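For reference, the structure discussed in these notes is given below.
Quick note: residue numbers are just sequence positions, from 1. In this text the structure is predicted, and so the values were computed from the model without any measurement.
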Amino acid sequence: MHRRRALTIAVALLSGCSDLPRATGPRTPPTPSEPTAAPQRSLQVSGLDVEEAEDGHLRVVATVANGSSSQRTRTLRIRVRVGNTRTEQAEQVTVAGNAEQEVTFEFEDVAYDDFSGDGSLQSTFV
């Protein structure tokens, strides 16, 4: 009987000395909160069209949408690449709340035929 008591006491004393991982933190998991929607930019390019101007150069028509209820102004930059040649234009755009507006960029130094064969287009707000 003394062995059992000694063994119980030894186990109780040694259990606090082990390096085994122990649970930390609260015993109940936190209550999940409502998910938050990702913020949306107030101005977005909703469409990009390329067309040939009357004299054969490249024309880019960007449709800018404003998803907020108030008027917004930002600078839209269009970059055009044809082969190893890159060019860009920027224009300040003001769009009324919950509306769309088309903005036209004339790339007079870029031939439409060259762009349609080997060109790429990128739009960003700066």
Tell me the side-chain hydrogen bond (donor to acceptor under 3.5 Å, both in side chains) pairs involving residues 79-90, sequence neighbours left out?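 Found R79-E88.
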Quick one: which residue pairs count as a side-chain hydrogen bond (donor to acceptor under 3.5 Å, both in side chains) with a foot in residues 112-121, not counting sequence neighbours?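 Counting only pairs at least two positions apart or across chains, no side-chain hydrogen bond (donor to acceptor under 3.5 Å, both in side chains) contact touches residues 112-121.
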Closest heavy-atom contact between S123 and L48?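 Here S123 and L48 meet closest at OG-CD1, 3.8 Å.
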Which atom names give the shortest non-hydrogen contact between T75 and A90, and what distance separates them?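 In this case the closest contact between T75 and A90 is CG2-CB, 3.9 Å.
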Let me check something: any side-chain donor-acceptor pairs from residues 94-109 under 3.5 Å, sequence neighbours excluded? List them with distances.
| residue | atom | partner | partner atom | Å |
| --- | --- | --- | --- | --- |
| T94 | OG1 | T73 | OG1 | 2.9 |
| E106 | OE1 | H57 | NE2 | 2.5 |
| E106 | OE1 | R59 | NE | 3.4 |
| E106 | OE2 | R59 | NE | 2.7 |

